[in-house]
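Following: one structure in structure tokens, then a few remarks.
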Amino acid sequence: MSTFIALPAFNDNYIWLLLAEDGERLAVVDPGDAKPVINWLGKHPEYRLTDILVTHHHPDHVGGVAALKAGTGCKVWGPSAENIPARDRALDDGDTLKLFGQTLEVIAVPGHTLGHIAYYCENQGDPWLLSGDTLFAGGCGRLFEGTAEQMHSSLNKLAALPAQTRVYCAHEYTQANLRFAQAVEPENADIRVRLEVVDDLRAAARMTLPSDLALELLTNPFLRADCEAVTQAASAHAGKPLSPGLETFAAVRAWKDSF
Ligand code: ZN
Ligand code: FE
């Protein structure tokens, strides 16, 4: 099936390695820095890097792309609408690509950046998603380029994937995200329990990823803009009554920006 390894980079990024079943090939996702990948390859000479998957153009996601491609001759996949270094294949919404015999689907998820894409793999009933800086564990990316409306509709697309989909995002933001989630929904027991688990993991300096969509739907306020409790909290914070859905989502996103 699919084996993922997380390489920490910078303060709070993860560079995901995806290992092929043949034990010889790997792909790397959003290598903001080449060094952790080169170090890993040095310790695992049986593997060669064949593909780089890029979700969006920010430096902490593409900073290592050119060096890794120059060193390995690997193929670079990335969004068509953004300037991606050394890109070989430009991807648009609905495109599919083959990786190690599996089919990956490209989902356009504008909001954090305008060209941001996610990669989804059905993986024979054990699906996974590379969500970049769009859907985080317990949160979502900031709106650097797109609108709240775009991000809301992007997240709705991801939320419609199978509930058991494992979510591999690009940052270790889970603890801060869940503290905010708890401020929005203090009565939500799923958030409380998840935050306890995450507090323990972080106290032991352990990773909180991957997540899965079922848990996100229960605990991530940005996927819960239709829930009454979230609409009420957002309305109280904004000081005016808000509708469920987009209006609530936009208010929660703005609230988080200053939390
Ligand atoms: Zn980013
Ligand atoms: Fe990032």
Side-chain angles (χ1 to χ4, degrees), residues 4-18 27-37 52-68 76-87 90-93 106-120 128-155 157-158 166-180 198 202 207-211 216 220-223 249-250 252-254 256-259:
F4 286 87
I5 292 174
L7 302 181
F10 310 116
N11 280 337
D12 50 34
N13 281 72
Y14 292 120
I15 298 170
W16 290 104
L17 307 184
L18 179 49
V28 55
V29 183
D30 284 356
D33 187 1
K35 276 187 260 82
V37 181
I52 294 176
L53 305 177
V54 174
T55 63
H56 68 293
H57 68 87
H58 283 159
D60 63 313
H61 298 252
V62 302
V65 170
L68 289 172
V76 179
W77 307 82
S80 69
E82 298 191 349
N83 190 12
I84 306 297
R87 185 186 57 208
L91 298 169
D92 290 299
D93 188 43
V106 174
I107 306 171
V109 285
H112 179 69
T113 64
L114 286 173
H116 198 306
I117 58 174
Y119 298 85
Y120 173 72
W128 51 260
L129 174 74
L130 302 169
S131 62
D133 285 359
T134 295
L135 176 60
F136 289 127
C140 78
R142 280 177 189 264
L143 301 176
F144 284 120
E145 298 176 10
T147 63
E149 188 167 9
Q150 285 173 316
M151 183 61 114
H152 183 239
S153 106
S154 295
L155 291 173
K157 286 200 241 177
L158 301 183
R166 279 174 289 136
V167 179
Y168 295 86
C169 64
H171 287 272
E172 180 61 69
Y173 290 158
T174 318
Q175 190 175 41
N177 284 341
L178 290 173
R179 285 181 183 149
F180 174 70
V198 163
R202 295 311 294 155
M207 175 169 72
T208 64
L209 306 179
S211 174
E216 293 308 318
N220 186 327
F222 298 101
L223 299 185
F249 173 82
V252 173
R253 185 57 264 180
K256 173 73 164 56
D257 287 340
S258 59
F259 183 72

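Counting starts at 1 for both ligands and their atoms, in listed order.
- Within D133, the N, O or S atom lying nearest to the Fe ion (ligand 2) carries the name OD2.
- At a cut-off of 2.8 Å, H56 is not counted among the residues with an N, O or S atom near the Fe ion (ligand 2).
- The side-chain contact (heavy atoms from CB on, under 4.5 Å) check on A250 picks up A148, with sequence neighbours excluded.
- At distances below 3.5 Å, at least one donor-acceptor pair connects side-chain atoms of H112 with backbone N or O atoms of R142.
- Of the residues listed (Y120, Y119, F4), the one engaging W128 in a ring pair (Phe, Tyr, Trp, His ring centres under 6.0 Å) is F4, and it is the only one.
- The minimum distance between the Fe ion (ligand 2) and any N, O or S atom of H171 involves atom NE2.
- In terms of distance to the Fe ion (ligand 2), the nearest N, O or S atom of D60 is named OD2.
- Relative ring orientation between H56 and H58 is described as perpendicular, the plane-to-plane angle rising above 60° on a 0-90° scale split at 30° and 60°.
- The Zn ion (ligand 1) has H56 NE2, H58 ND1, H112 NE2, D133 OD2 as protein N, O or S atoms under 2.8 Å away.
- Using a distance-only test at 3.5 Å, with no hydrogens or angles considered, no donor-acceptor pair links the side chain of K256 to the main chain of C140.
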Worksheet entry | side chain to side chain contact (heavy atoms under 4.5 Å, CB included) evaluation trace for L209 with Y168 | CA-CA 7 Å; L209 306 179; Y168 295 86; 5.9 Å; no
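- In summary, H61 places an N/O/S atom under 2.8 Å from the Fe ion (ligand 2), meeting the contact criterion.
- Using modelled atom types, one side-chain atom of D30 and one backbone atom of T55 make a donor-acceptor pair closer than 3.5 Å.
- Ring-plane geometry between F249 and H152 is classed as tilted, the angle between the planes lying from 30 to 60 degrees on a 0 to 90 degree scale.
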